[in-house]
Undergrad: 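I have a structure I would like to understand better, so I am pasting it below and will then ask my questions one at a time.
Side chains are part of it too, since the values below use all heavy atoms of this structure and drop only hydrogens, waters and symmetry mates.
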Amino acid sequence: MRVLGINALFHDPSAALVIDGRTVAAAEEERFSRRKHGKRPVPFSAWELPGLAARWCIDSAGLTPADLDAVAYSYDPGLAEPAERMGLDDPWDHLRQEYARRAPEFLAEALPGLDPAKVRFVAHHVAHAASAGLAAPLGDCAVLVLDGRGECASQLAGNYTGGRLDVLSTQRLPQSLGLFYEDLTDHLGFLRSSDEFKVMALASYGTPRFADRLAEQVHGLGDGGFLASGVDWERYAPRREPGGPYTKEHADLAASGQRCLEETVLDIAGWLHARTGATRLALAGGVALNCVANTRLHREGPFDTVWVQPAAGDAGTALGAALHLAAEREPVRPMATAALGRGWSDEELRRMLEAAALPYEEPEDVAAAVAEELAQDGIVAWFQGRAEFGPRALGHRSLLAHPGRAENLERLNAVKGREEFRPVAPMVLAERAAELFDGPLPSPYMLFVHDVAESWRPRIPAVVHVDGTARIQTVDGGSEPLVARMLTAFERRTGLPVVVNTSLNTAGRPMVDHPREALECFGSAPVDLLAIGPFLVRRSKAFT
């Protein structure tokens, strides 16, 4: 069974390929088109087919569109209702629905040889659920999806047994935790459907003094449902214009919104556990990218294990839709890694470096050479293996730095053009993590926050957020041997088992995906060393 999954309606268009129940490729269109979140400059945010990503997935498996058994499109227009009937103000909704209805036609045009009759619609939240429940290494488990919106709902709670989903509750629009957080993001002067993580970071600088009043409009109902709509944000803090200054009121409002989100998620999870008796929970939907809420659910919720899809946002529905259709015919396997995107051979990388006429080295051990540069406080662009699927840099497309220098947070935010209040993350060997960090372990996908041990905070200040936490990535030497060797070599030189890891990109641009983009980023940003495959390019030699 060869199933191509497609996400293309609201944002983050993507494609994924499942063959014989195994996920073999997945990528977001932004990595190919270089349009962040796949948003075209048109009046409404969204229609972009992931034609480039889909063609790459098919080509990477040696297939043609005609070889596919099915194409799973992660939205079912037959389930949708007009926006006004759902209490939403969306003047472009009718165009989106028309595009969705014509998806088989558009996909056949984008992928010559594809029979449009092979395109099947999968309900948006069912696709989200499958991206968690079927991709997680949990077996039977409860599943919870929370996002902005699907066809006419914003939530799904259910249970997977033997690979089959039993839907236990849904939440009808306009009640939506995702849209609630989007509205808050917009009020605080950030981009909605893009910058919610900035609100989460800003929340750590405030106190939730508005949370009790805000909870009158945003709270769980104890039955799997919730209220979350129609908030008058001006009651709490004036709107911040993009680029304007941040006030204490803005930080306090962010903290209050974050608190209400967490409390509501805990309420829903408590109900779901009572209904299912499950000990394991899989999460998906854009709200599941809120690692602070995930951690509170892990600490205070009723489930023993909480697993989050690394591409929890809409991009992940391409994978979920494909897994859902595949599971109707055959057993499917959990995803073994998030490194599902493009990669290049050493010889391909060498040819690109030679074509760029850049002086490069080929050290005996690139991991040791990078560790030495980091120990000398250099910033390293790290381009290795296949690209990650999802928004997190997990040691394949990363910027690395020394964690023991507090000023490296400011250096990296300057390199990337980011707000000064945003943290950077540490990567650490899985077997060392418990010595430094208290939280869900292992944590390979950077989807939880961990308390940093008091004794370690002054030793790794670059990765400690203002609230004493860090969003860590644990590294398994079995699956990530190169990264593990680099971490071990860095500790031998510095005594620190942690390296700063943030995504290899600059503000407003998608994460670097192609070697050409790595070279462009290295050339335009104050980065000291580019480690690309087994090769090194030094700024001191390349730009003299």
Undergrad: On the six-membered ring of F448, is R299 placed so that its NZ or CZ lies under 6.0 angstrom from the centre and within 45° of the ring axis?
TA: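 Pair R299/F448 does not count as cation-pi.
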Undergrad: Tell me, please, which residues at least two apart from D140 pass salt bridge (Lys or Arg N to Asp or Glu O under 4.0 Å).
TA: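 Applying salt bridge (Lys or Arg N to Asp or Glu O under 4.0 Å) to D140 gives none.
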Undergrad: Which heavy atom of E81 sits nearest to which heavy atom of M86, and what is that distance?
TA: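 Nearest pair, atom of E81 first, then M86: O-CE, 3.1 Å.
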Undergrad: If you round to the nearest 0.5 Å, how far is CZ of F226 from OG of S154?
TA: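 That separation rounds to 3.5 Å.
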Undergrad: Side-chain contact, heavy-atom cut-off 4.5 Å: P50 with N7?
TA: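 When only atoms from C-beta onward are counted, N7 and P50 do not touch, as no gap falls below 4.5 Å.
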Undergrad: Side chain of R172, backbone of C152: donor and acceptor closer than 3.5 Å?
TA: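 Looks like no, no N/O pair under 3.5 Å.
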Undergrad: Taking Q175 for its side chain and A228 for its backbone only, find out whether a donor-acceptor pair lies under 3.5 Å.
TA: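 Indeed, once roles are kept as given, a pair shorter than 3.5 Å links the two residues.
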Undergrad: Output all residues satisfying salt bridge (Lys or Arg N to Asp or Glu O under 4.0 Å) with E330, sequence neighbours left out; order by chain, then residue number.
TA: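 With neighbours one apart ignored, the set is empty.
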Undergrad: Counting distance only, does the side-chain N/O of K198 pair as donor-acceptor with the main-chain N or O of L188 below 3.5 Å?
TA: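 Not at all, since once roles are kept as given, no pair shorter than 3.5 Å links the two residues.
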Undergrad: Decide yes or no for T469 and V292: does some side-chain heavy atom of the first lie under 4.5 Å from some side-chain heavy atom of the second?
TA: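 When only atoms from C-beta onward are counted, V292 and T469 do not touch, as no gap falls below 4.5 Å.
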Undergrad: Would one find more than 12 heavy atoms of other residues, nucleotides or ligands at under 6.0 Å from atom CG of D212?
TA: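 Open.
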Undergrad: May I ask you to check whether H125 and E151 show a side-chain donor-acceptor distance below 3.5 Å?
TA: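 No, because no side-chain N or O of H125 sits under 3.5 Å from a partner of the opposite role on E151.
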Undergrad: Any heavy-atom pair between the side chains of Q473 and R392 that's under 4.5 Å?
TA: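 They are not in side-chain contact.
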Undergrad: Is NZ or CZ of R240 both nearer than 6.0 Å to the six-membered ring centre of F190 and within 45° of the ring axis?
TA: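 Yes.
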Undergrad: Fit a plane to each ring of H124 and H128, take the angle between them on a 0 to 90° scale, and name the class: parallel (under 30°), tilted (30 to 60°) or perpendicular (over 60°).
TA: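 The arrangement is perpendicular - the two ring planes meet at more than 60°.
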Undergrad: To check you understand the geometry: which heavy-atom pair defines the closest contact between L52 and S33, and what is its length?
TA: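 Smallest heavy-atom distance, with atoms named: CD1-N, 4.2 Å.
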Undergrad: Could you list the residues that satisfy salt bridge (Lys or Arg N to Asp or Glu O under 4.0 Å) with R280, not counting sequence neighbours?
TA: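 So R280 forms no salt bridge (Lys or Arg N to Asp or Glu O under 4.0 Å) with any residue.
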Undergrad: Is the closest side-chain heavy-atom distance between V428 and E435 below 4.5 Å?
TA: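 Contact flag for V428/E435 side chains = no.
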Undergrad: Does Y445 reach the side chain of Q309, with side-chain heavy atoms less than 4.5 Å apart?
TA: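 When only atoms from C-beta onward are counted, Q309 and Y445 do not touch, as no gap falls below 4.5 Å.
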Undergrad: Please check: side-chain N/O of T295 versus main-chain N/O of V449, any donor-acceptor pairing under 3.5 Å?
TA: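 Looks like yes, one N/O pair under 3.5 Å.
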Undergrad: Output the distance between atom CG (D513) and atom CZ (R386), rounded to the nearest 0.5 Å.
TA: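 So the gap between those two atoms works out to 11.0 Å.
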Undergrad: Does any N or O in the side chain of Q155 come within less than 3.5 Å of the main-chain N or O of Q171, such that one atom is a donor and the other an acceptor?
TA: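 Confirmed, Q155 side chain pairs with Q171 backbone.
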Undergrad: Do D195 and R422 pass the salt bridge (charged side-chain N to carboxylate O under 4.0 Å, His left out) test, and can you show the C-alpha distance, the side-chain angles, and the key distance before you say yes or no?
TA: CA-CA 12 Å; D195 287 350; R422 290 174 56 189; over 6 Å; no
Undergrad: To the nearest 0.5 Å, what is the distance between OG1 (T23) and CG (L323)?
TA: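 Between atom OG1 of T23 and atom CG of L323 there are 4.5 Å.
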Undergrad: If you compare all heavy atoms of H450 against all heavy atoms of G439, which two are closest, and at what distance to 0.1 Å?
TA: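 Shortest heavy-atom separation between H450 and G439 comes out as CD2-CA, 3.2 Å.
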Undergrad: Using a 3.5 Å distance criterion without hydrogens, assess whether the side chain of D267 forms a donor-acceptor pair with backbone atoms of G222.
TA: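 Yes: the side chain of D267 pairs with the backbone of G222.
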Undergrad: Let's go through Y181 and N290 carefully: what are the C-alpha distance in whole Å and the side-chain angles of both, what is the deciding distance for side-chain contact (heavy atoms from CB on, under 4.5 Å) to 0.1 Å, and is it a yes or a no?
TA: CA-CA 10 Å; Y181 214 83; N290 191 301; 3.6 Å; yes
Undergrad: Before giving the answer on side-chain contact (heavy atoms from CB on, under 4.5 Å), spell out for S229 and L179 the whole-Å C-alpha distance, their side-chain angles and the decisive distance to 0.1 Å.
TA: CA-CA 8 Å; S229 68; L179 293 182; over 6 Å; no
Undergrad: Can you list everything that forms a side chain to side chain donor-acceptor pair (under 3.5 Å) with T207? Sequence neighbours excluded, please.
TA: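 For T207 the side chain to side chain donor-acceptor pair (under 3.5 Å) partners, ignoring immediate neighbours, are D252.
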Undergrad: Can you spot which of E30, E48, E28 makes a salt bridge (Lys or Arg N to Asp or Glu O under 4.0 Å) with R35?
TA: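 Looking at E30, E48, E28, the match for R35 under the salt bridge (Lys or Arg N to Asp or Glu O under 4.0 Å) is E48.
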Undergrad: Atom OG1 of T276 and atom CG of L281: how far apart are they, to the nearest 0.5 Å?
TA: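 Reported value, rounded in 0.5 Å steps: 8.5 Å.
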Undergrad: Once you round to the nearest 0.5 Å, how far does SG of C141 lie from CG of L134?
TA: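 Going from SG on C141 over to CG on L134, the span is 8.0 Å.
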Undergrad: The criterion is ring-ring contact (aromatic ring centres under 6.0 Å, His included); which residues satisfy it with F121, sequence neighbours excluded?
TA: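 If we apply the ring-ring contact (aromatic ring centres under 6.0 Å, His included) test to F121, skipping adjacent residues, the hits are Y73.
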Undergrad: Would you please test L17 and L68 for side-chain contact (heavy atoms from CB on, under 4.5 Å) and show each step?
TA: CA-CA 10 Å; L17 184 63; L68 298 171; 3.9 Å; yes
Undergrad: Inspect the surroundings of CG in D232 and state if more than 12 heavy atoms from other residues, nucleotides or ligands are less than 6.0 Å away.
TA: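 For D232, atom CG is crowded (more than 12 foreign heavy atoms under 6.0 Å).
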Undergrad: Taking everything shown except R329 itself, do over 12 heavy atoms lie less than 6.0 Å from its CZ?
TA: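 Atom CZ in R329 is not packed in, count stays at 12 or less.
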Undergrad: Which heavy atom of A470 sits nearest to which heavy atom of F437, and what is that distance?
TA: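 Of all heavy-atom pairs spanning A470 and F437, the closest is CB-CE2, 4.2 Å.
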Undergrad: Hey, is the main chain of Q384 close enough, under 3.5 Å, to the side chain of R397 for a donor-acceptor pair?
TA: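 Checking the backbone N and O of Q384 against the side chain of R397, a donor-acceptor pair under 3.5 Å is found.
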Undergrad: Can any side-chain N or O of S503 pair as donor or acceptor with the backbone N or O of A393 at less than 3.5 Å?
TA: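 It does not hold such a pair.
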Undergrad: Going by heavy atoms in the side chains, are M511 and E388 under 4.5 Å from each other?
TA: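 They are in contact (side-chain heavy atoms under 4.5 Å apart), so the answer is yes.
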Undergrad: Between the main-chain N or O of R2 and the side-chain N or O of D20, is there a donor-acceptor pair closer than 3.5 Å?
TA: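 Pair absent, no side-chain N/O of D20 close to backbone of R2.
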Undergrad: Can you check whether E480 reaches M427 side chain to side chain, under 4.5 Å on heavy atoms?
TA: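 A side-chain contact is absent here, since even the closest heavy-atom pair is not under 4.5 Å.
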Undergrad: To the nearest 0.5 Å, how far apart are CZ in F197 and CG in L202?
TA: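 Between atom CZ of F197 and atom CG of L202 there are 12.5 Å.
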Undergrad: Any side-chain heavy-atom pair from L482 and W382 closer than 4.5 angstrom?
TA: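 SC-SC contact between L482 and W382 confirmed.
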Undergrad: Tell me whether R342 at atom CZ has more than 12 heavy atoms from other residues, nucleotides or ligands lying less than 6.0 Å away.
TA: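 More than 12 within 6.0 Å, yes.
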Undergrad: Considering residues at least two apart in sequence or located in another chain, which fulfil the ring-ring contact (aromatic ring centres under 6.0 Å, His included) criterion with H465?
TA: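 H465 satisfies ring-ring contact (aromatic ring centres under 6.0 Å, His included) with Y205 only.
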Undergrad: Show the nearest heavy-atom pair for residues L394 and P444, with the distance to one decimal.
TA: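 L394 and P444 have their closest heavy atoms at CD2-O, 3.6 Å.
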Undergrad: If you compare all heavy atoms of I268 against all heavy atoms of G225, which two are closest, and at what distance to 0.1 Å?
TA: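 The pair with the smallest heavy-atom distance is CG1-O, 4.5 Å.
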Undergrad: So does R149 pair up with E182, basic N to acidic O under 4.0 Å?
TA: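 No salt bridge links R149 with E182.
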Undergrad: Give the C-alpha distance, both sets of side-chain angles, the deciding distance and a yes or no for side-chain contact (heavy atoms from CB on, under 4.5 Å) between V265 and N294.
TA: CA-CA 9 Å; V265 171; N294 294 345; over 6 Å; no
